[in-house]
Amino acid sequence: MEIVKKGNIIIEDLEFRKYLSEEKIKHRIIRLAQKIDADFIGKKPLFITVLNGSFIFCSDLVRALNMDVEIEFLKVKSYEGLESSGEIKESINTLPNIEGRDLIIVEDIVDKGNTINHLHQALSKLNPASITVVSLLYKPAAYLFDINIDYVGFEIPNDFVVGYGLDYNGYGRSYRDLYVLDNENMH
Ligand code: IMP
Ligand code: MG
């Protein structure tokens with residue numbers, strides 16, 4: 001029988017341990033929302049949420065804001081298993097006209113930065129007034145690009161995490177807390 005450490009979760013072949021609690025994440029998102037509210041007074045930003053991973057973060061973030069916002073979703077994929085593939089697939093032609101708009105890209109996590117860099121470039125070509133990036137998680141040690149991540153929930157080490165919208169091979173998104181790969185308990 002498999003022995004799993006208390007509080008740990010197993011997804012496929014990997015064991016993860018609790019890393020950030022739901023409460024801690026909620027509190028941090030409230031602070032981010034207050035900052036965004038203050039910085040965007042008098043503006044009408046268009047939130048562009050990067051699917052799949054950011055759907056939970058986005059829903060908590062926009063409900064913590066004090067302004068009414070427009071939200072669009074873009075499906076972008078670069079990860080296969082535990083590794084960023086570098087090859088990005090997106091669906092930018094599904095967006096409405098963004099010319100002259102203040103865009104806020106909502107990411108669950110910025111890792112190497114391939115996704116955000118690609119998206120930033122593609123959206124810039126459509127002449128928005130501004131592009132701001134908000135990411136719940138950011139791995140500075142992995143990041144390879146210059147684009148500023150304007151609002152960061154948590155800077156984290158270069159470890160693989162799941163839960164709160166983030167997945168491993170499609171699973172683990174619905175855990176309310178965030179979990180990190182527990183290398184001591186490989187299966
Ligand atoms: P990047 O393009 O390398 O920055 O990777 C960004 C995308 O890869 C994110 O939007 C996530 O979907 C996924 N990703 C990066 N790191 C992790 C992780 O630790 N766990 C789960 N997904 C991740
Ligand atoms: Mg993502």
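Model, not experiment: these values are computed from the prediction. Order of listing sets the numbers, starting from 1, for every ligand and every atom in it.
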* Do Asp102 and Ser130 get their side chains close enough for a donor-acceptor pair, meaning under 3.5 Å? -> yes
* To do: Measure from the ring center of Tyr175 to the ring center of Tyr164 and say whether it is less than 6.0 Å.
  => no
* salt bridge (Lys or Arg N to Asp or Glu O under 4.0 Å) between Arg101 and Glu70: does it pass, once the steps are laid out? -> CA-CA 11 Å; Arg101 299 297 306 269; Glu70 268 182 90; 2.9 Å; yes
* Asked: Taking 4.0 angstrom as the limit, do Asp182 and Lys5 come out as a salt bridge?
  -> yes
* **Non-hydrogen side-chain atoms of Thr115 and Glu107 separated by less than 4.5 Å** => yes
Can you find a non-hydrogen atom of [X] under 4.0 Å from ligand 1?
X	value
Ile109	yes
His118	no
Asp108	yes
Val161	yes
Leu137	no

In ligand 1, which numbered atoms sit nearer than 4.0 Å to a non-hydrogen atom of [X]?
X	value
Thr115	1 (P), 2 (O), 5 (O), 6 (C), 7 (C)
Leu166	20 (N), 21 (C), 22 (N)
Asn114	1 (P), 2 (O), 4 (O)
Asp159	19 (O)
Asp167	21 (C)
Glu107	10 (O)

* Describe, in one word, how the ring planes of Tyr138 and Tyr143 are oriented to each other, choosing from parallel (under 30°), tilted (30 to 60°) and perpendicular (over 60°). => perpendicular
* So Tyr151 and Phe40, would you call those rings parallel, tilted or perpendicular, with 30° and 60° as cut-offs? -> tilted
* Asked: With the 4.5 Å side-chain cut-off for hydrophobic clustering, are Ile30 and Ile36 part of the same group?
  -> no
* Structure fact -> Restricting to heavy atoms, the pick from Ser135, Gly163, Gly113, Gly172 nearest atom 4 (O) of ligand 1 would be Gly113
